Amino acid sequence: MIKKNLSESDLCDKFIRPAMVAAGWSGMDQIYAQFPLRAGRVVVRGKKAQRDPATVLRADFALFHKANIPLAVVEAKDNQHAMGAGMQQAIRYADLLDVPFSFSSNGDGFVFRDATCADGVLEQDLTLDQFPSPDELWSRYCAWKGWSADVRRVAAADYAPSKTPRYYQLNAINRTVQAIAAGQNRVLLVMATGTGKTYTAFQIIWRLWKSRAKKRILFLADRNILIDQTMVNDFRPFKGAMAKLSPNAKGVERINAQGQVEVEELELAVHRTTKKVDTSYEIYLSLYQAVTGTEEENNIYKQFSPEFFDLIVVDECHRGSAAEDSAWRDILSYFSSATQVGLTATPKETKDVSNIDYFGEPVYTYSLRQGIEDGYLAPYKVIRVDLDKDTFGWRPTAGMTDKHGHLIEDRIYNGTDMNRSLVLEQRDAVVAERITAYLKATDRFAKTIVFCEDIDHAARMRQALSNANADLCATQPRYVVQITGDNPEGKRELDNFIDPEKVYPVIATTSKLLSTGVDAQTCKLIVLDQNIKSMTLFKQIIGRGTRLREDLGKTWFTILDFKRATELFADKDFDGDPVQIYEPKGDDPIAPPEPDDPAQPVSPEFGDGQPADPLGPLDPLAGTDGANKPKKYVVGGLVTVAVARERVQYLNAQGQLITESLRDYTRINLTRRFDSLDRFLQAWSDADRKAALLAELEGQGVLIDALADEVGRDLDPFDLLLHVAWNMPPLTRRERARRARTSSVFTQYGLVARKVLDALLDKYADEGLATIEADNVLSIQPFTELGSPAELVRSFGGRPQYLRAVRTLEQALYKPESDRPAA
């Protein structure tokens, strides 16, 4: 057996894996072949999205001390490569897995990199029989960490049997458990919305609880839905040891193994009438509002002794615990001896409020940008719509009164004032029309959240959207609902809105209630009609759309921005970039051609409580400032509102502006790559598969589908590029197919082969170049009526001759005009 003739896979099976097994590594729970790291970034091309295979990462081998506790990465290369050729990849993968040991092999031996430098050596060569044992690497790892025997025991505690964690979840769980085992009592964990914070929290609690490092645990959140769904989903294995601290809990709907809806009653630790707490449980989940209050008797948490809990986990800790005078902080201060873990996607850091000041620097951070790059979060496009009164301002005429008879203060009102101090009813109608136009152009039943200025605005937008969608709402009033803290009927629809199996509601109007902690997995449209200057709030809102559900067709989402809130993308504190920004104007289609205000306070629209409106009473007549001056002027339809302007922006992977015109960008890219039209034509002619050349161009920023939508014509990519880059008049695919039929290529073959070529031209005219170059094209209609794929290939004399005929056909399709015979 000659090693140099073996494939990489064969070398792994015959030499590399056997060397690890011989060293004592178990193939069952310690050696994982082709271990997944990155799923591959979802790339949006026009209206389509697909994973970029170049961004998929898998380690040839990941080695674990025990399940989910990684130690090392092994990267293999075939024997044509040097033994250390895979080391750079191994180091990269080891960094993702947060481990210090990397190996590279070509089947002759190993290059071993030990970042702990335990022997004073960073890298050394090993023979196949010198591969280190699991105990040796674990011992080196623990010594490097400086762990005592007790810390080792907790750090190696078993995970709960469940789904396999992703690499970043492993890092978050392991780092948190290790920090707590080593004696750290305040821990901050930052993970982007949609990356599994609750599952991560469950595994952290499970491992600490099972190892008895922490025996009594409190999990705090600020929304009932977060507690209830957590109890029946991620935390379900705790059943029997877990209860909810609330006297008002109800049953929670869940789907059983048979796909049926069943109502599960939650275990309660508080007596409904006496409010006495049962302290016999070990794990408690609570809405913080349920255990605190202005009256001492409502502070249920004080029925526990201050030393009762060993561990407190605070979900969405940016909401309350960041502030020293918050109710959350009261609870944390009362149980100050407990280890406390803060979970958030957006740590709050201001002059007066700081998560880091309380919890310390994050032990691990997984950002929105990382999630999108790895392919675990959905990318997004941005459509910016500037309205004329927002952009250029509006000034009332002398003596003008609003619809309630109030004299409107004489000044210029702009976008900051809209729906805060001035309500233009016609503006609501225009916004609703643009939202509806986008949905009609894409998916009428795409789940949509409209973020409004306040509850009053959310109510008006519900009405405006109902009117704009009267054809549906007349028979299905739940197509549009208002979901705000003051609206019990709307809040009851929240579960239906976030349930992927429920069609209605489709559109939810809100102010703050849906901005955080709501798992709207299939939300495809986020509408911003709210002044947002808080980066924390902005990230939370964007997070409502970042969850991926490829099985349900959710691979990306759109942000429709009426208030220029997405200018926060340019802020240094933002960590995720849009794939496109589009600003329509006038009568332009709302769907894009494919291819100084103080921070607004977050109202306490949590749980089941009545929210406070930071902008004043809901009724503009109810409260006044000074001499009969209303909180808001309400102006009817006499003042018109229109879309002001359009600008298209495309951003690169770093979020930097690359162009405001996709045509210009394509022209620059192509003319830089091909210094003349002749060179482009030669490259096109020389390409055995045009699809490969197009894929290469797309990788360099030439977005074919998006460009076609911007040009507005269904053209062959060849004609599209010629037209945009060199201003050549394009031909339609049907014209090209008609002219190709006059080519001599048809005279070279028999009857069956000519029928195949004729059908290929029909496919090209209807569906484009990619279809006729597809490997399975002979397996579909109408080719199956002519014979089996093997028979059709034989009609050309064999596969090489068939491929040569297809290429000749393509040459006829793209033959220059001057070379064509007269039609």
Side-chain angles (χ1 to χ4, degrees), residues 154 157-162 176-177 180 185 197-252 254 262-293 297-317 321 327-328 330-343 607-608:
V154 178
D158 290 340
Y159 275 64
S162 67
T176 303
V177 170
I180 293 171
N185 283 323
K197 287 195 299 296
T198 307
Y199 168 76
T200 299
F202 160 68
Q203 288 289 4
I204 290 168
I205 295 171
W206 176 274
R207 295 179 65 201
L208 293 170
W209 180 60
K210 279 293 187 178
S211 66
R212 307 313 286 168
K214 304 295 177 185
K215 300 176 183 177
R216 294 195 181 100
I217 296 144
L218 174 63
F219 180 85
L220 284 172
D222 66 355
R223 299 279 171 83
N224 254 328
I225 188 172
L226 296 181
I227 296 296
D228 296 347
Q229 293 299 330
T230 294
M231 291 186 74
V232 300
N233 293 321
D234 285 319
F235 280 40
R236 188 173 180 79
F238 289 129
K239 193 168 184 178
M242 169 182 65
K244 180 178 179 180
L245 285 173
S246 172
N248 302 311
K250 299 177 181 178
V252 177
R254 65 186 307 274
E262 60 183 24
V263 176
E264 181 162 335
E265 293 295 329
L266 302 180
E267 195 78 15
L268 299 182
V270 182
H271 194 277
R272 292 182 185 273
T273 55
T274 65
K275 292 190 177 182
K276 293 297 182 183
V277 175
D278 182 348
T279 59
S280 64
Y281 295 94
E282 292 193 326
I283 296 170
Y284 296 82
L285 290 83
S286 178
L287 189 76
Y288 84 86
Q289 300 94 318
V291 294
T292 61
E297 63 268 19
N298 292 327
N299 290 324
I300 294 174
Y301 70 92
K302 290 190 176 179
Q303 293 186 40
F304 297 99
S305 70
E307 295 78 29
F308 184 86
F309 290 110
D310 305 309
L311 174 68
I312 298 177
V313 178
V314 185
D315 194 23
E316 304 289 358
C317 68
S321 59
W328 291 47
D330 287 344
I331 299 174
L332 298 184
S333 297
Y334 182 78
F335 297 112
S336 61
S337 63
T339 297
Q340 297 173 6
V341 178
L343 304 176
D608 295 325

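A quick note: this is a predicted structure, and the numbers were derived from the prediction, not measured.
- When the salt bridge (Lys or Arg N to Asp or Glu O under 4.0 Å) test is applied to Asp278, no partner is found at least two apart in sequence or on another chain.
- Here the OH atom belonging to Tyr281 is positioned 8.0 Å from the CG atom belonging to Leu268, to the nearest 0.5 angstrom.
- Rounding to the nearest 0.5 angstrom, the gap separating the CZ atom in Phe219 from the CG atom in Leu343 is 6.5 Å.
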Report the C-alpha distance between Leu311 and Trp209 in whole Å, list the side-chain angles of each, state the deciding distance to 0.1 Å, and finish with yes or no for side-chain contact (heavy atoms from CB on, under 4.5 Å). CA-CA 9 Å; Leu311 174 68; Trp209 180 60; over 6 Å; no

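- Rounding to the nearest 0.5 Å gives a distance of 14.0 Å between CH2 of Trp206 and OH of Tyr159.
- Between Ile205 and Phe238 the shortest side-chain heavy-atom distance falls below 4.5 Å.
- With values rounded to the nearest 0.5 angstrom, Thr176 atom OG1 is found 12.0 Å from Gln203 atom CD.
- For the residue pair Gln340 and Phe335, the shortest heavy atom distance occurs at NE2-O, 3.1 Å.
- With sequence neighbours left out, the ring pair (Phe, Tyr, Trp, His ring centres under 6.0 Å) criterion links Tyr199 to no other residue.
- Taking NZ from Lys215 and CD from Glu282, the interatomic distance works out to 9.0 Å, rounded to the nearest 0.5 Å.
- Side chains of Asp315 and Lys197 form a contact here, defined as non-hydrogen atoms less than 4.5 Å apart.
- Met242 is listed as a side-chain neighbour of Leu285, based on a closest heavy-atom distance under 4.5 Å.
- A heavy-atom distance below 4.5 Å is found between the side chains of Tyr284 and Thr279.
- Side-chain contact between Phe304 and Leu245 is present, with at least one heavy-atom pair separated by less than 4.5 Å.
- Proximity of Phe202 to Thr230: side-chain heavy atoms (C-beta onward) are nowhere separated by under 4.5 Å.
- Partner of Lys214 under the side-chain contact (heavy atoms from CB on, under 4.5 Å) criterion, out of Ile204, Asp310, Ile312: Asp310 alone.
- Between Ala157 and Ser211, the shortest heavy-atom distance links the atoms CB-CB, 3.9 Å.
- Between the CD1 atom in Ile331 and the CG atom in Leu220 there is a gap of 5.0 Å [rounded to 0.5 Å].
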